[in-house]
Enquirer: 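What follows is a single structure, and I will ask about it in a moment.
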Amino acid sequence: VLNQLRQLHQPTSICAGRYDGMASAANQRTMHDAMPNAELAWFEGGHLFMLQDKAAWPAIVDFLARPDTFKT
């Protein structure tokens, strides 16, 4: 699957918890590096960072609200 990520050109937000024991930092960086239009955002917390870091949800909503996110 990793080789196919290079074919994804739509804007993509990869959100990650700094202390996630399930989705490693190395995996997050690898996905980010493989996807041409990916952004990688780190948040305080683990696998449930979106409940642990109050900045996570506003960042996710901001990404989804951008005009280029859902371009066809």
Side-chain angles (χ1 to χ4, degrees):
V1 173
L2 184 58
N3 293 336
Q4 294 175 336
L5 292 179
R6 297 191 187 291
Q7 298 172 20
L8 299 175
H9 294 281
Q10 65 270 25
T12 303
S13 178
I14 299 171
C15 298
R18 292 190 191 282
Y19 313 105
D20 192 332
M22 297 177 75
S24 71
N27 286 351
Q28 305 300 327
R29 286 188 201 99
T30 299
M31 284 193 306
H32 171 262
D33 293 344
M35 299 170 77
N37 291 314
E39 302 171 5
L40 177 57
W42 293 100
F43 296 97
E44 294 301 313
H47 200 64
L48 293 175
F49 66 86
M50 72 287 298
L51 302 177
Q52 299 163 326
D53 187 337
K54 291 181 180 183
W57 280 115
I60 293 167
V61 169
D62 286 347
F63 172 79
L64 293 173
R66 287 186 352 206
D68 66 330
T69 299
F70 296 104
K71 251 187 346 188
T72 57

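When reading the values below, keep in mind they use all heavy atoms of this one structure, side chains included, and skip hydrogens, waters and symmetry mates. Predicted model, so just to flag it, every value in this text is computed and none were measured.
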Enquirer: Apply the hydrophobic cluster definition, ILVMFWY joined by side-chain contacts under 4.5 Å directly or through others, and give me every member besides Val61.
Expert: none
Enquirer: Hey, can you pull the donor-acceptor pairs under 3.5 Å for the side chains in residues 30-39, sequence neighbours left out?
Expert:
| from | atom 1 | to | atom 2 | distance (Å) |
| --- | --- | --- | --- | --- |
| Thr30 | OG1 | Ala26 | O | 2.8 |
| His32 | NE2 | Ala38 | O | 3.3 |
| Asn37 | ND2 | His9 | O | 2.4 |
| Glu39 | OE1 | Arg66 | NH1 | 3.3 |
| Glu39 | OE2 | Arg66 | NH1 | 2.6 |
| Glu39 | OE2 | Arg66 | NH2 | 3.0 |

Enquirer: Which residue pairs pass the salt bridge (Lys or Arg N to Asp or Glu O under 4.0 Å) test when at least one of the two sits in residues 47-63, sequence neighbours left out?
Expert: none
Enquirer: Please list all pairs meeting salt bridge (Lys or Arg N to Asp or Glu O under 4.0 Å) that have one or both residues in residues 8-26, counting only residues at least two apart or in different chains.
Expert: Arg18-Glu44
Enquirer: Nearest 0.5 angstrom please: Gln4 CD to Leu2 CG, how far?
Expert: 9.5 Å
Enquirer: Tell me if a side-chain donor or acceptor on Thr12 pairs with a main-chain N or O of Gln10 at a distance below 3.5 Å.
Expert: yes
Enquirer: For residues 45-67, which residue pairs qualify under ring pair (Phe, Tyr, Trp, His ring centres under 6.0 Å), counting only residues two or more places apart or in two chains?
Expert: Phe43-Phe49
Enquirer: To the nearest 0.5 Å, how far apart are SG in Cys15 and CG in Leu40?
Expert: 8.5 Å
Enquirer: Using the rule that Ile, Leu, Val, Met, Phe, Trp and Tyr join whenever any side-chain heavy atoms are under 4.5 Å apart, tell me whether Tyr19 and Leu51 fall into a single cluster.
Expert: no
Enquirer: Going from CG on Asn27 to CE on Met22, what distance comes out if it is rounded to the nearest 0.5 angstrom?
Expert: 12.0 Å
Enquirer: Which residue pairs satisfy the salt bridge (Lys or Arg N to Asp or Glu O under 4.0 Å) criterion with at least one member in residues 2-14, sequence neighbours excluded?
Expert: none
Enquirer: Determine the minimum heavy-atom distance between Gly46 and Gln52, stating which atoms define it.
Expert: N-OE1, 2.6 Å
